[in-house]
Amino acid sequence: MSVASAVAEQVLNGLVVGMVYVLLAAGLSIIFGVMDVINFAHGELFALGAYFAFAIAGPLGGAGFWVALVVAPLLVGVIGMAIERLTVKRLYGRDPLYHILLTFGLVLIINDLITSVWGKSAQPFPIPSVLDQPVALFGFNYSLYNYGIIIFGSALALGTWLLLNRTRFGMIIRAGSEDREMVRNLGINIDRYYTLTFGFGAALAGVAGIVLGAYQNVSPTMGSSVIIPAFVIVVLGGLGSFRGAVVGGLFVGLVQTFARTYTPFLEGLIVFLLMIAVLVVRPTGLFGTSIGGGEHHDGALLHGSGGGVLSSETRAKIGYAAVGVLVVVPFFAELTGVTYSVTLLEDILIWALFALSLDLVLGYAGLVSLGHTLFYGVGAYASVLTLMHVSPSVLVALLVAVAVCAAIAWGVGYLSIRVSGVFFAMITLGFAELFYNAVFKFDFTGGSDGLFGVDVFYGLAGLGIDPREFEVPLGVFTLDGGIVQYYFLLAVVVGSYLLARRLIRAPFGTVLQSIRESEERASFIGYDVTAYKRRAFVVSGGLAGLAGGLFAANNGYVAPSFLHWINSGEVIVMTVLGGMGTLYGPMLGAGVFVAAEDILSSYIEQWQLVIGVLFVLFVIFVPRGLVSLPQTVAEHPMVGPVIRDRTGVKEAEVEQHD
Amino acid sequence: MSADPLLSVRGLVSGYGSTRVLQGVDLDVPAGSVVTLIGRNGVGKTTTLRSILGSVSPAAGSVTFDGTDITALSPEKTAREGIALVPEERRIFPGLTVTENIEIGRLGGRRDTAKPSVEAIVGEFENLSRHRNSKGAALSGGEQQMLAIARALVSAPDLLMLDEPTEGLAPSIVKQVQRKVEELNDEGATILLVEQNVQVALDIADYVYILDKGQVVHEGPSDEVAAADEILDRYLGVSVAD
Ligand SMILES: Nc1ncnc2c1ncn2[C@@H]1O[C@H](COP(=O)(O)OP(=O)(O)OP(=O)(O)O)[C@@H](O)[C@H]1O
Ligand SMILES: [Mg+2]
């Protein structure tokens, strides 16, 4: 094959992948442009399309594929409309974060449904036999199906463009994405169009899923593996820009394909490098015109609060009690033989620290870091590498982890904090994905296996405890190395909490909180808002690194999965579940989440589904988190009066909502 | 004033969150007249218009339009009753063409009324007909204002509410806008006008309400108000030369 045909073949491969991305990104971008919704579930709708088609085409045989190509996207569209009606709709006007959270919950639900119906392993989805033949064009043979994808994808993209630009529906959608309120003021019920738009975007994702499913195969991970590139495309092209989605989709498809062949090292990295570069130079993306969608929503992040019902002394007492319980648990575990509970507690403590770190930026600085696992993962790698190559001391390892993560946070913050909101979220996600993909590439990070088999020493310069040799008989039981590890962890986490609390009560924290209340006012008073946010991000990055470092040191290994975006999602879930902006709330959230996951997963197979449903309900009905529950109950028109009578809370202190 | 005004606002209390901006506003707009609402910055003029339209929900009071109580209606529904707003800062759709901006206006408004064609409306605005296929963003400030008015007119509203239509425009353009509003009134349109430019407001309007701290502090026919130097000075800090 000549060089020219080889390149031509790569171009075609790139266009095939690119077309899938175009269809996926177009829906994502339209949904964001019109409704300000960042739809994390888009990837799962894509997967649903593929699976529906798989289920329809199989039994029908021959013409099944064509039936599926029509019916499956319609089904996905209907599901999209139902999702909009039942869940997304309830959150309009709130900060876009809540849509991220909600759709993250939907990811868990849909993904679990897919695996429980169709199983966990990938399955072949044959392309129709008419298309399963080579075509000789440009001097080489190439699959007719692939040509079909390119042609069909172009036709659909053109159709979408016509729909947006040549129809009444499209005109209203475009107007709505520019100024929703004004469309309403004209007398047009835009909410109806939202449902249609969501359904339409979902159907496009469904088509993309079918096309790719038959090109490769169908698997339950197909959604989560395309969603991040799809976001990158939408951000690259400009949020809400259809043209951006088309150009970005084809471009990313081509770049990925060429990178795979000609610069394998950059495969998986180049897309994120591009995205970061574009955002740094042009935060609105290539074709974006404005930052954010149509509405200036006043919906701030909703913070947890326990005020009004639990006094701060009560809360402090609960805190002491909690630490007290944590201190004695190992003894009971030893006595009762449930040593497993100590392992669970260690997990909880580490996630609690991770959630605490996120809360500093999310709850106090109002920055939605979507890639916080970057710091967790890098902290873990840094600490394992230090233990392997520098010193067996866990203290040194953790110090390095914190320092490295704080430095990276400074760099990332420097590049991203001037662009706020959605772009910050996307850049942090981009960096996290960049590191995630990078650790696979290097030997010193252990590639896809990660690094394992490190031993730790609790001390410095030979002075301290080696957990392998530690053994103190104490009556009925023995204190061993595991206990040392546990108490060390407990001390670090409690210490970090106290440190964070001090920081928040210091003038620094007061300024952060006033920025959170009103950025405009804070900068008006003369505070350098960006500088304060950056500092909060650095502290947060350091603490997240500490959490990752602790986990790696405790378990003696690190793997690429530490950097997977699912962790970033889960830590946000914990933070919001507990109640952001309270420090203790996110820690509580981590406890509930990790414990629930642990317990549920040992009793039911569909635990992801249960967690997803619970979480969705929380985002909709208890956005201020668990810590706000006492107050919410006290404010409830039916329960409220009873509690007020009993606790003597004055009527005036509890504001009534009707 | 006629006994049965087209729009009648009574005891309107409204605001944002827990801040009350309007503290009981009363005003009437008789059919076929131009009524103006003037006052210093931040006294609640825009809030009054938004409360009438329903994009801010009134906490108390009533808004009656053509005999129907529209107090609690959403902006969509209010617009469907025949009230069109030309908002502060125009808020045309910058990415839509001039024609599209007007087309979308034509989709709004009352359903049971004959609406002028887009072409007819464009034809009425000389400076728009030259730019029919330009994006809204490409228009000058004065043209954008005309477009915002055209977008409202195409829905054939019974009441046109204009929020500071001359703001930020060059004096010659202000004159054009003023002429347009007067022309509309001559054709029989009913107009509620909010203006910063007191001179323009008094020139155009038949009747004047002065708003201060969320309340109507003075009202009267425009020639009387124009002559009341002391009142204009007290509430608006201006004196109107004649
Ligand atoms: N969306 C909002 N949220 C909170 N307060 C608001 C909002 N919009 C206006 N306000 C406040 O309400 C008050 C009245 O505002 P309004 O816009 O009605 O005044 P206005 O008379 O139209 O002023 P201007 O001449 O500046 O247009 C002001 O103090 C303003 O700060
Ligand atoms: Mg105003």
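Sequence lines set the chain letters: A, B, ... in the order given, protein chains first and strands last, and positions in each chain run from 1. Source: prediction; values computed, not measured.
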Original post:
Does any heavy atom of chain A fall under 4.5 Å from the side chain of B:Leu53, the backbone, both, or neither of them?
Top reply: side chain
Original post:
If you draw a 6.0 Å radius around CZ in A:Phe251, do more than 12 non-hydrogen atoms from other residues or ligands fall strictly inside?
Top reply: no
**OP:** Looking only at non-hydrogen atoms, find the nearest pair between B:Phe93 and A:Asp179 and report the distance.
**Re:** CE2-O, 3.6 Å
Original post:
Does a side-chain heavy-atom distance below 4.5 Å link A:Leu186 with B:Leu107?
Top reply: no
Subject >> Under 4.5 Å from a heavy atom of chain A, the part of B:Pro157 involved >> reply: neither
**OP:** With a 4.5 angstrom heavy-atom cut-off, could you sort out which part of B:Arg50 is near chain A: side chain, backbone, both or neither?
**Re:** side chain
Subject >> Pick from B:Gly54, B:Gly95, B:Ser155 with the largest number of heavy-atom pairs that fall under 4.5 Å of chain A >> reply: B:Gly95
Original post:
Taking all non-hydrogen atoms of both residues, which atom of A:Asn165 and which atom of B:Glu100 are closest, and how far apart?
Top reply: O-OE2, 4.0 Å
Original post:
Take atom CD in B:Glu126; do more than 12 heavy atoms of anything else shown fall under 6.0 Å from it?
Top reply: no
Original post:
When only pairs under 4.5 Å are counted, which of B:Arg151, B:Lys77, B:Glu81 shares the most heavy-atom pairs with chain A?
Top reply: B:Arg151
**OP:** For atom NZ of A:Lys89, decide whether the heavy atoms of other residues, nucleotides or ligands shown that lie under 6.0 angstrom number more than 12.
**Re:** yes
**OP:** Can you spot which of B:Pro87, B:Pro75, B:Ser55 makes a side-chain contact (heavy atoms from CB on, under 4.5 Å) with A:Met182?
**Re:** B:Pro87
Subject >> B:Pro94 vs A:Glu178 side-chain heavy atoms within contact, under 4.5 Å >> reply: yes
Original post:
Counting only heavy atoms not in A:Arg243, do more than 12 fall under 6.0 Å of its CZ?
Top reply: no
**OP:** Would you give the length of the straight line joining atom CE of A:Met171 to atom CG of B:Leu96, rounded to the nearest 0.5 angstrom?
**Re:** 7.0 Å
